[in-house]
Structures are given as C-alpha cells and as structure tokens.
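Accompanying notes for the structure given below.
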Amino acid sequence: MIDLASFARETGVKYFMISYTDLFGAQRAKLVPAQAIADMQENGAGFAGFATWLDLTPAHPDMLAVPDASSVIQLPWKKDVAWVASNCVMSDGEGLPQAPRNLLARLIAEAAEMDLEVKTGVEPEFFLLTPEGTQISDPADNAVKPCYDQQAVMRRYDVIAEICDYMLDLGWEPYQNDHEDANGQFEMNWKYDGAMSTADKHSFFKFMVKSVAEKHGLRATFMPKPIMGLTGNGCHAHISVWNTKTGKNAFADDTKELGLSDAGRTFLGGIMKHASALAVITNPTVNSYKRINAPRTTSGATWAPNTVTWTGNNRTHMVRVPGPGRFELRLPDGAVNPYLLQAVIIAAGLSGMRSKADPGPRHDIDMYAEGYKVKDAPRLPLNLLDAIRAYDADEGLKTAMGTEFSSAYLKLKAQEWNTYTSHLTQWERDTTLDI
C-alpha cells in the first residue's frame, strides 16, 4: 500500500485533497497539509454528511472520508497538491452503504466472486463556455456541422493539449481528442480500465478539465443540454467483462452473432431489462431529459437514444456492438455520477447474467428516421419524475444496488424534482401571464 506521507516527501506535495463524491455527483474535499496526512490515511478526514447530498441528518455522527492511497494523483497543473479518492465511513466504524464509491466497491467484489472483472472506458463530452456560462467561448465556432472541425479544435489547442499532456504524464494512455457535434463541444478519450480505476479517472478528469478551463479564462460544463438546439453532452460507456482466472475476455466469441458471447448477451440482457430504471442514474437531472428526448438539432441528429433498443455498429440505438467482445451504452450523459455509472452497469449486467436475460431482438434500422417501425421496445423516461418512478418500480435493480442506497437516492431525487416543479419559469410567464 502507498504511504501518503512518503509520497509527499518523494514528490514535494504540500497538501492533499481528500475527496469523495456524493449521491448527486458533486465532489467534496478537505485540503490537508502533508504533515497531517499519516493520521488522515489511517482514520480519515471528518465531514458533516448532511451538508452534502447524502441522506443524513444534522444529528448523525461525523462521516469520515478514508483515503484510498492507490488512487492518489499529484495535480499536474499544481504540483504542490495531490488528489486522493476516499471511501466514506461513519465515525462508529461502519461503512456508509449509500456512498457511491462504497457501493461500487461492493459490486466489484460481487463480480469477483463470479470470477469476473468489469472493464470500461468512458467518453465524457463537455462544452467550453464564457466564464458566466451563457455562451460558447469561441464566436467563430458557428458551423452547421461542426463535428471534427479542424480550425475550431486548433483555436482551443492550448486547453485541449494541456489536458492531454497531463493525461499522458499520468499514464492514462489518451489516444484521441476532437471537436464534437455541437459548437463549442469537445471529447477526449483515454484507455479503458477496471471499473473503479475508470470511475476515479472520470472523477479526476472532470475536476481537471474544469480547472484547466478556468486557468484559461473559460468555463467547462458537462451539463447534459446546456444550449438548446445543439447536441447535448453524452458520456458513452464501452463495456467488456473479463474472466479473472483465464485472463480472457468473457464477452468475446467469434462463433456468435457480432462476436458477443452467450455471457455477453445475458449481461446485455440485464442492461436492456433494467434500462428504463437505470436511466435515473445514467441521466440524473431534470436537464438530462432535454438530451435523450430532444428534437432534431442544428447538426441534423441528437446522437442520443430515446428507445430501449440495441444494434450492431449503428449509433442511433441505446446500445451498439461496434466490435467483438464489447458493447457501447450510449444512454449516460455528462451529469452522470462516475461511481454510480459503473455501479449500475455492473448491477444490471450481473442481474442479467444470473437470470440468463435475453436482450431481445436486434434492430439495425436508423432509429432517428424509422424508429416508429419498432413497436415492441419501451420508450425511455420522458422526464426525471418518470425515471424516478421506473427505478422505484424495479425491485430487482433496487435490490442489486442496495436498499439503503436506493432509498436515499430516490428520496433526494424526489426532493430535487419537487424543487424543480415549484420553480416559476419565464416560459410560464410568457405563455400564461395574459390568459
């Protein structure tokens, strides 16, 4: 195990950010001087859990964030500081089951009991906006079809290259960066990894992108639909499962349809079976449903699903199988909690494997043009309330994710929806004031 005090001496780190992610995906941290890190590594840093998005009260005892030293990252843009992901433990010594990283660790252990390791890669998209967050930062980025725009990506070279350089230095093996389908939108990709490592990297990536953007006088957002009429921010996940005894891809079978093994089909079957329910986790905000149920964008397509279907190498469906031994879940958006994303993939997939779930018929049509022809596939939730209700009705997924987590998450998401519905909007004034 890495000794954080020794790490500080060897690297010149003066402070550690002991960080955890709450149920709504917000990253919380305490800045701890290196001289105090030995005690914190053993006992954790104290937090009032109620002050963040966890289902705790002011009467609860302190919550301790215990650093997982294996996740430590020295900030490439501020070498005096290191970030370290943490697991949440109550001060009575009990782990907090609702805490996202704890939940993911439990589900990874369940997969390990089946001699399986889930590996994933994520594709988080983001916009670079002006500091107040209301406009695209590059006024020249106005093409109707801006995807892969060579000039536009080079005008943001300083930001994108700095982030990519940091990922190279960290050993993440980034392999491509591009301007995405919306004006002002970008995507950066790095190599897939085990579910926990991917979740930690995903969390740090969001922190890093926002920090570097601020350094350059810009504002980065992963909000699902920050600008109406433009393509929203997705966070596609590529999923494979590996046998820990043989070291082989358990999803790969060249003799099967699309090179997806029987085990892979049942894992996919679990994703398809629970899709409407898992949407409240993969698409966790009110704004999320302006992406997956959006009208045609100025570029010609939303690139987001609205129906529970799967296919081969076809980007108009919720799941595509682009090659043997893996598949891509296109449902998640930029607001997804990095740890809950991995957790719900594993929970739904293992559920499918245990029940031998059938993913249903494969559809290869253009869902944007001919989706009306598919009569037997469920529609994804139309809004956050529908997603909350779908999750609440799915007893199998709720149990797989854990009763304490599910109760806490549903409670806080219902509160969020109620807050939204009590908000008076300008649209209501514009359409109703003179009635």
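Residues take their numbers from the sequence shown, with the count starting at 1.
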Next item on the list: State, yes or no, whether a side-chain contact exists between Ser351 and His274 at a heavy-atom distance under 4.5 Å.
Entry: yes
Notebook entry, point to check: Any side-chain heavy-atom pair from His216 and Leu128 closer than 4.5 angstrom?
Noted result: no
Note to self: Could you check whether Glu125 pairs with Arg291 (Lys NZ or Arg NE/NH1/NH2 to Asp/Glu carboxylate O, under 4.0 Å)?
What the structure shows: no
Margin query: Assess whether a salt bridge exists between Asp358 and Arg265, defined as any Lys/Arg side-chain N lying under 4.0 Å from an Asp/Glu carboxylate O.
Written below: yes
Notebook entry, point to check: Under the 3.5 angstrom rule, does the side chain of Thr432 hit a backbone N or O of Arg429 as a donor-acceptor pair?
Noted result: no
Item checked: Any donor-acceptor N or O pair under 3.5 Å, side chains Asp193, Thr198 -> no
Item checked: Under 3.5 Å side-chain donor-acceptor pair for Thr403 and Ser406 -> no
Checklist line | Electrostatic pair Arg106:Glu110 at N-O distance under 4.0 angstrom | finding: yes
Item checked: Nearest non-hydrogen partners of Met90 and Pro61, listed with the distance -> CE-O, 3.5 Å
Note to self: Other residues, nucleotides and ligands only: do more than 12 of their heavy atoms fall within 6.0 Å of OH on Tyr420?
What the structure shows: no
Item checked: Within 45° cone and under 6.0 Å: Lys413 NZ/CZ vs Phe24 ring -> yes
Item checked: N-O pairing of Arg155 and Asp141 below 4.0 Å -> no
Notebook entry, point to check: With under 30° as parallel and over 60° as perpendicular, where do the rings of Trp77 and Phe204 fit, or are they tilted in between?
Noted result: tilted
Check: Tell me, which pairs form a ring-ring contact (aromatic ring centres under 6.0 Å, His included) where one or both residues lie in residues 141-173, sequence neighbours left out?
Finding: Trp172-Trp190
Next item on the list: Using the six-membered ring wherever Trp is involved, compare the ring planes of Phe222 and Phe126 and label them parallel, tilted or perpendicular (cut-offs 30° and 60°).
Entry: tilted
Notebook entry, point to check: So, the side chain of Lys225 versus the backbone of Leu230: is there a donor-acceptor pair under 3.5 Å, distance only?
Noted result: yes
Checklist line | Polar side chain donor-acceptor pair, Arg101 to Ser203, under 3.5 angstrom | finding: no
Item checked: Which residues share a side chain to side chain donor-acceptor pair (under 3.5 Å) with Asn313, sequence neighbours left out -> Arg320
